Structures are given as structure tokens and as C-alpha cells.
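Counting starts at 1 for both ligands and their atoms, following the listed order. Residues take their numbers from the sequence shown, with the count starting at 1. It should be emphasised that the depicted structure is a prediction, and the values quoted were computed from it without experimental measurement.
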Amino acid sequence: MKLGQRIAFRQAKIILFTSFLIGGISALLQFYSDLIHVRENLHDSIERSVSLYTPNLQRSIYNLDVVQVQNISELILADPLFASVQVFDDFGDQIGSTLQLAPVQSNWLTNISFHLLGLPLEMARTIVIPSSRERDAKLVLKMDKHYVASGLTSRAITLALTGLISTLLLSCILFIVFYFALSRPIQEIAKWVAHLDQDNKQQAAISPYTKADELGELVQSVEQIWHKKDLANRQIKTLAYYDTLTDLANRRMFIERLEEQLELTSQHPLVGAVMYLDIDRFKTINDSLGHHVGDQLLITFAQRLKGCLPDGAVTARFGGDEFVILLPAHYKNEQTAATCVQNIARQVNQLVSAPVQIGRHLIHCTTSIGLTIFPQSKDTSSQILRRADTALYRTKAEGRNGFRFFDVSMQRLAQSRWQLEEGLHQAIHRGELELWFQPQVTKEGVMSGAEVLLRWRHPTRGLISPLEFISVAEESGQIAAIEEWVLDETMRLIKHWDSMGLPETFRHVSINISPSHFMQSGFVSQVEGALERHTVANVNIELEITENLLIENFEQAIKTMKALQAKGIAFSIDDFGTGYSSLRYLSQLPLNVLKIDRSFVAPIDHESDETPIIDVIMLMAKKLGLEVIAEGVETQAQRTLLTERGCRLYQGYFFSKPLHHEEFYTLLKQERVLLPT
Ligand SMILES: Nc1nc2c(ncn2[C@@H]2O[C@H](COP(=O)(O)O[C@H]3[C@@H](O)[C@H](n4cnc5c(=O)[nH]c(N)nc54)O[C@@H]3COP(=O)(O)O)[C@@H](O)[C@H]2O)c(=O)[nH]1
């Protein structure tokens, strides 16, 4: 900072100016009062001298005693006030005169002082002579300018000097007092604040001023503001680099660390690894048990992960249930890295699979992991992450709860999956989704209902099976929108067919519902909305759900089912027999139909004896008062056996393959018996 800008400098200037102004004014006042006083004294002295000698002078002039007159003149001149004395008689003749022998020459200072005193240089006094009638005698006195003014001049000089010295002294004292009381503390506070601004924590701890005055309050306020700012800074840093839910690193921090590792591997022949993982069926757990339970599960998952990783590993959460682990480049070669990473992944799979108690829910979850080693040629952080993510998808596609290393063929699969996901976003709006129906028939071959099966007529790839895109829709969160379209479109079609006429034997239509969609909070109102938009009078709507969904989310499922049952919706369990449902569970659910899974029907032809399972299913259905439908019936032998076991409804290629809705309606209108001849 420049000297002129400093408070102390400006303060010194103000003090000097003020002291000089006040000192000057008081000196002038003092000088003026001295001037009045000196002037009065001079007048008195002159008057005294004149009045003292006037009677003798009068007498001497009257007596024409020239010698005496001269003597008196000299006596008057003895008074240093006068430079010369002249006496004139009543005839105007000078009869006495005297003057100083060596008068001191006056200078400009005495001239000014004399002028200020306001005295005439020469003054004449009348001396009355009693005998003379015509005129009076006269005493003419000339002032000694130097002597008369010297008192005032020296007084003025003394005043000016003492004023100057006292003003300078006062200024110095004031400056020192103000400097130590104000300027210096302000300077120190300013220095302290400047260091605070550089986030200097040590500096913040040393208070520069502790007195309990306004500056002390200022320092306290600054300290409080700094602490708040420091806290906010730390919060911003935490938000920028950490995941708030789990306290793990976030994507940004992970990428920075990964790039540091890439830098390291470019200089040293070392190998590291990245693990990409997610919790299997997390979306279903989250949607069905609520976000609070989902959050608790993520926190527990994060803690378990941290507990089983080696020192130096960076664990991050990228969002949702996506976790990524960086194993730093410590390994000497790819082989060692792969073995270690594999062991860690196995450990993670095991640890995570231990059940988690959250409130009253005991949650069993598993994890899928994708692994990759780095560096590979011209690796970047995003390429490494993409490789690990691709390997994760492979793990999921191959049945979840495990781990896979990335290989090149996965890249192609990931590419095509990504294309599917992108295309699905547009499929509804572009009218690429189609409804197909597969007849469900009685043992007499009469079509009593149908299952709605979705198809995607892709602009370049042709007809795509739901087997290919339903899992993509589930994983990318598009399933609810797609199935909402299926619900709405099915009911619209049924209403339309009903208005054109439907066979009386055709009584129900079943629609597949994905578990993650079924467990969403808005599901009931979605179905109600579709029912309201398209009142379907003569055909029952049946929703097909899977066993595992019911077991995992029993309370929520039962609530949803009951709400929809009240609106006339029926429920069937798809793929029955492949899950773990018990009689106790099933008896509590508002179910209507059990669908025997294709995997129990197919072996009938190969003489493998699955009939005990079919018998048990039939028995369970009977006990629970449920209808049974066998799916995947392809041969007469299968049909015969199922009929013998008491099954009355069938679905399968033996009767009809799924048909485009227009073709299906044509078939339906024919009211044909669907039995191959
Ligand atoms: N969540 C939703 N899932 C849906 C929806 N639409 C279909 N799907 C499910 O996709 C899976 C594959 O369906 P798809 O390719 O249509 O296959 C169905 C039938 O074509 C097939 N089938 C029927 N009979 C036979 C047969 O005799 N042999 C044989 N090999 N296959 C046969 O089975 C599928 C129907 O199975 P299921 O639903 O279990 O009754 C499938 O799992 C569909 O559920 C949708 O809108 N949402």
C-alpha cells in the first residue's frame, strides 16, 4: 500500500492541520488581546508623561523661561516612548526642542506593529497660557516607532514560536496516541483478515485484538464470519468430492484418482484394476420397501465394501446403486492384478450376500461386479470405466450375483444393448410397439382368453422379441412407461372388439407386469386410469406377476393386489413352480390363476418325469381354489397328460402361436375350435 493511502499517514495530516488551525486561531486571539492591552498601556503612559510636565511647562512658558522649557523638554524625552519633543509658545515660536541622539531605525516588522497599534507618529498637546487670549502654546511629541512597537513585536514573535512548538508537540502526542490506540490495531486486523482470506487456519486461531471495544467486536464478527465461511467451504468440498449419503468418494473424486493412477502407470510398469458393481434388483427393493429402506441398504452396502477392501483402494458411489472401486496400480503384472482382483470380488460377493436387517425387513441381496485391468493401450479414465461397466452388464445378463472380467466380445454386446436402450426411448412415440395375443384354450379347444405379448417392430432390425428388450427397459427405468402403454392399448383394443362383437366364450385377457413396475407407488392409479378411460364390460383383465415378486415384497404386493381386485382386476402367477412360494404365502394373496411354467411341461415329451411337480401344483391350486393354466403346450402328449392331471386351460404352440392383434381378432371372430387335426 502506498504511504499516502495509509490511515496513519492521513491521520497525521489531519492532526497537523487541525492543531495548526486551532493553534493559529488561539494565537491570533491572544495577539489581538495583547494588542488592545499594549495600546491602552501606551496611551496611559503618554497621558501620564504629558500631564506630569504640563503645569511646569505652562508656568515656564508664561514666565518666558526658555531654559526651564528646554529642561522640561529633555525630561519628557527621557521617556523612551518619544523620539523628539518640541515646545511652541502662544505665538507659535519654538522655544524648546530636543531629540534622541541615535534613534534605532525601524524595520518592516516594527512598521507593521506600530501600524497595528493605531498610534499617530506625532501628537500635539495644547498648553493653555492664562494671559494669552489669542492662542495656546503647543507641545509636539514624536513617537519612537521602534521602542513603541518593540513590545508588541517581541510579544508576537514569542506567541508565534510558543504556538508553533506547542502545536507540533500536541500533534506528535495526538499522533502517537491515535497510532497506538487505532491505526496500529487496524493495520494488524487488516493483515490478519488478509491472511484469513488465504484460508490460513493457524492465522484464524490467533486473535489480533482482544480488547472489549468496537475493534474487538469487529474482530469477533470477522472470526464468526470466517468460521461460517470455513464451514461452508468444507461443505462445498464435501459436496464436490463426496457422496452425501454414503460418505464415499463421488464420480469426480474417483476420476481424479483414476487419472493420477493412469499418470503413474505411464511412468512405471505397474498395473491397477477397477471394479464396477451394483446391487441386484435394487430398484425393486427401493420401489417396494421405500426410499428410506433403499438408502439404509446403500449405506450398509458402502460400509461392507469399505470393510473388505485393501488399504489405498478408492471406493466411490456414482449414484443409485452404482459403486466403483479403484485398486491402485501396485501390481507388477496383469496376472497378479487379475488374481488379486478376483479374490477381492469373490470376497465382496460373499460379504454383501449376508442378510441386512433394516427396521422390520430382513433383506437378502446380492451384487454383480464387472472387472477390468489397466492400463491398456492408450487408456483413458472413461474407457476403463466403460470396460468395467460392460463387464458388469455381462455379469447381470449371465444371472447376477457374481463377477466377470471385461473381454472384447462384451464391447459389441454393450454397444447393441445401448442401441436398444436408445431406440426404446422413441419406440412408443414412433408407434413401433405392437400388441400380439396368444390364445388360451379350454380342453375342448375353445378360446377362453388370451395373453398379451409385446413386440417391437424395429425400423431396421425388424420384429424384436420382448426377451431381448424387456430387461433393457427394466434396467433403464423405461418399463413403467412401456407397460402403461400396454395396459392402455390392450383395454382400448378390447373395448373396440367388444363394440364390434366378441364370442361369449372369450372371457379374459392377461397382461404381463414387470415386478419393478408393479411395486411402483403410482401403479394402482395407472391401472385405474386405464380402466376409467376404456370401460371393458365383458372381458376380465388379469395381471400376470411372478412368484418372486410376491415373496420379496409380500406386504406391499398384497396391498396393491387388494386395491386392484376391488376394481375387478384378477391375478395370475406366471412361471409358477420356478420360485419358492409356499402354501402359507399363496393362501393370503387374492389370486385367481396359477400358470404352470413351460419348463415343467416340456419334459413330458422327453419321458423325464416332471408329473409329480405338476401333481403338486394341481393339488395346491385345488386347495386354494385357483384356476390352473399350463403354458408352453406344444404336443398332443403334453395336452393329454395335463388333461389327465385335471388341468382345464392351456396355452402353447399346439393351439396357436402368438398373433398380431389384427390376425388374432380375425381368428377370434371365427370362433374356431383350436385343436390341430
Ligand atoms: N413385463 C412384460 N413382459 C412381457 C410383456 N410381453 C411379453 N413379455 C415377456 O417376455 C417374455 C418373452 O415373451 P414372448 O417372446 O412373447 O414369449 C411368449 C410366448 O411366445 C412363449 N410361448 C407360448 N407358448 C409357447 C410354446 O408352446 N413353446 C415355446 N417355446 N414358447 C411358447 O412364451 C412366452 C410367454 O411366456 P409367459 O409370459 O411366461 O406366459 C415372456 O416372459 C413374456 O412374459 C410385457 O408386456 N411385459
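Heavy-atom minimum distance, I369 versus A345: CD1-O, 3.6 Å.
Between the side chains of S516 and E474, no donor-acceptor pair of N or O atoms lies under 3.5 Å. Judged purely by distance below 3.5 Å, without hydrogens or angles, the side chains of Q438 and E451 never pair a donor atom with an acceptor atom. Side-chain polar atoms of E421 and S476 form no donor-acceptor pair below 3.5 angstrom. T643 and Y650 form a side-chain donor-acceptor contact under 3.5 Å, judged by distance and modelled atom types alone. A donor atom on one side chain and an acceptor atom on the other are found under 3.5 Å apart for H517 and Q526.
By the definition of a contact as any protein heavy atom under 4.0 Å away, atom 17 (O) of ligand 1 is not in contact. Contact annotation for atom 4 (C) of ligand 1: protein present (non-hydrogen atoms, distance under 4.0 Å). Protein non-hydrogen atoms do reach within 4.0 Å of atom 27 (O) of ligand 1.
With respect to the salt-bridge test (charged N to carboxylate O, under 4.0 angstrom), the residues R492 and D488 do not qualify.
Within a 6.0 Å radius of CZ in R455, more than 12 heavy atoms belonging to other residues, nucleotides or ligands are found. More than 12 heavy-atom neighbours from other residues, nucleotides or ligands sit within 6.0 angstrom of CD on Q426.
Separation of atoms CG (L258) and OG1 (T380) is listed at 8.5 Å; rounding is to 0.5 Å. To the nearest 0.5 Å, atom CZ of residue F301 and atom CD1 of residue I279 are 4.5 Å apart. The CZ atom of R400 sits 5.5 Å away from the CG atom of D280 when rounded to the nearest 0.5 Å.
The protein heavy-atom contact nearest to atom 38 (O) of ligand 1 is E451 OE2, 2.7 Å. Ranking protein heavy atoms by distance to atom 45 (C) of ligand 1, first place goes to N512 CB, 3.8 Å. The protein heavy atom nearest to atom 37 (P) of ligand 1 is E631 OE1, 3.1 Å. Closest to atom 24 (N) of ligand 1 among all protein heavy atoms lies Q438 NE2, 3.0 Å. Protein heavy atom at the shortest distance from atom 6 (N) of ligand 1 is L454 N, 3.1 Å. Looking only at heavy atoms of the protein, atom 47 (N) of ligand 1 is closest to E483 OE2, 3.0 Å. Among all non-hydrogen protein atoms, the one lying nearest atom 25 (C) of ligand 1 is Y653 CE2, 3.4 Å.
Contact annotation: K595 has at least one heavy atom less than 4.0 Å from an atom of ligand 1. For the pair R455 and ligand 1, a heavy-atom separation below 4.0 Å is found.
Distances below 4.0 Å separate heavy atoms of L467 from the following atoms of ligand 1: 11 (C), 12 (C). Taking a cut-off of under 4.0 Å to the non-hydrogen atoms of E634, the atoms of ligand 1 that pass are 26 (C), 27 (O), 28 (N), 29 (C), 30 (N). Those atoms of ligand 1 that come under 4.0 Å of a heavy atom in P466, given as number and element, are 7 (C), 8 (N), 10 (O), 12 (C), 13 (O), 14 (P), 15 (O), 16 (O). With ligand atoms numbered from 1 in the order given, ligand 1 contributes 24 (N), 27 (O) to contacts under 4.0 Å with heavy atoms of G652. If you number the atoms of ligand 1 from 1 as listed, the ones under 4.0 Å from a heavy atom of P658 come out as 20 (O). In summary, the atoms of ligand 1 found under 4.0 Å from a heavy atom of S465, numbered by their order in the structure, are 15 (O).
Neither the backbone nor the side chain of I479 has a heavy atom within less than 4.0 Å of ligand 1. Here L453 has heavy atoms under 4.0 Å from ligand 1 in both its backbone and its side chain.
Looking at Q651 next to ligand 1, no N or O pair under 3.5 Å apart turns up.
Of the options R598, E544, K657, the smallest heavy-atom separation from atom 33 (O) of ligand 1 is shown by R598.
By the ring-ring contact (aromatic ring centres under 6.0 Å, His included) test, F282 pairs with no residue at all, sequence neighbours left out.
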